[in-house]
Amino acid sequence: MALQMSWQPSLQRRKSGAPPLGLRNLGNTCYLNSVLQCLTYTPPLANFCLRAQHSRLCKKLDGGGEDKKRECPFCILEKRIARSLSIDGPHDAPSKIESCLRLFAEHFQWGRQEDAHEFLRYVIDACHNTCVKLLKVAATGNGGTSPDEDERGGREPSTVVREIFGGALLSQVKCLSCSTESNKTDEIMDISLDLYQSNSLRDALRCFFQPEILDGSNKYSCSSCKKLSEARKQMYILQAPNVLVIQLKRFEGMYGSKINKDVSFEEVLVLSNFMCKASQVCFA
Ligand SMILES: [Zn+2]
Ligand SMILES: [Zn+2]
């Protein structure tokens, strides 16, 4: 599936030059509105929604949830994003999403303040899972292989959601006694950054990818040396997502207060210093 990464003005019907459509706060829905605005202004997702690419397939394969009790979360999100980019006027109410909140996040409660990043993760997961379900329906209908086979291989099947937001991190531990390296890959949909020591996005990223020495009571159990030894642990970006979501952890501990300081960021974020050497070659 080829993503369209740049804005396609021909798809949007909202008057060009008009400021983005505002979303009214329906009572503690600022977390919901901010997530919807971010998703609406993610070009590859917006283009996909404006073309109704999900709902057309969903209707064809699954009836679009129309004749079932349970509605389809991706169809609802697609409609919301397309509406925000199509209607004129200063603002609108995200009533449909709010009334279907539990389709995305079962334990979220109407009217209660919730966490924006948590909500975003639920929305992304709900849409990804919907696409996986459709892939299975399509594969079964065609008598083909089920995407389950990919899952058995340890990888989730690729969906538009994964193609937009999905990436991979490499966690590498190198034993300082025998130099044996152990590598582990983690698929990611975002990166969460601590802000304790950083006032800028660039610095918070530098801290995240900084090597860590495992020593003292934190020694590494090396399978080659067959003992606890000192080791160097480092994270790298193995595959950079097309759209990188970054969560700034603006809370201190479980019940701590909010970290309200300004965090600066530049318009261009260069990730090459954090990429692992092998992928620098592949993705250069
Ligand atoms: Zn759908
Ligand atoms: Zn070792």
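Computed from a predicted structure; not experimentally measured. In each ligand, atom 1 is the first atom listed, and ligand 1 is the first ligand listed.
The only member of H54, H128, K133 that meets side chain to side chain donor-acceptor pair (under 3.5 Å) when paired with T159 is H128.
In this structure, the side chains of M189 and R121 come closer than 4.5 Å at one or more pairs of heavy atoms. A heavy-atom distance below 4.5 Å is not found between the side chains of L193 and S198.
Nearest N/O/S atom of H54 with respect to the Zn ion (ligand 1) is recorded as NE2.
Classification of the Y31-F108 ring pair by plane angle, with boundaries at 30° and 60°, yields perpendicular.
The angle C72:SG - the Zn ion (ligand 1) - C58:SG amounts to 120°, with values rounded to 10 degrees.
For R24, the side-chain hydrogen bond (donor to acceptor under 3.5 Å, both in side chains) criterion is met by H91, not counting sequence neighbours.
A 6.0 Å sphere centred on CZ of R112 holds more than 12 heavy atoms belonging to other residues, nucleotides or ligands.
With no hydrogens or angles considered, no side-chain donor-acceptor pair links Q8 and R51 at under 3.5 Å.
Counting only protein N, O or S atoms, 4 lie closer than 2.8 Å to the Zn ion (ligand 2).
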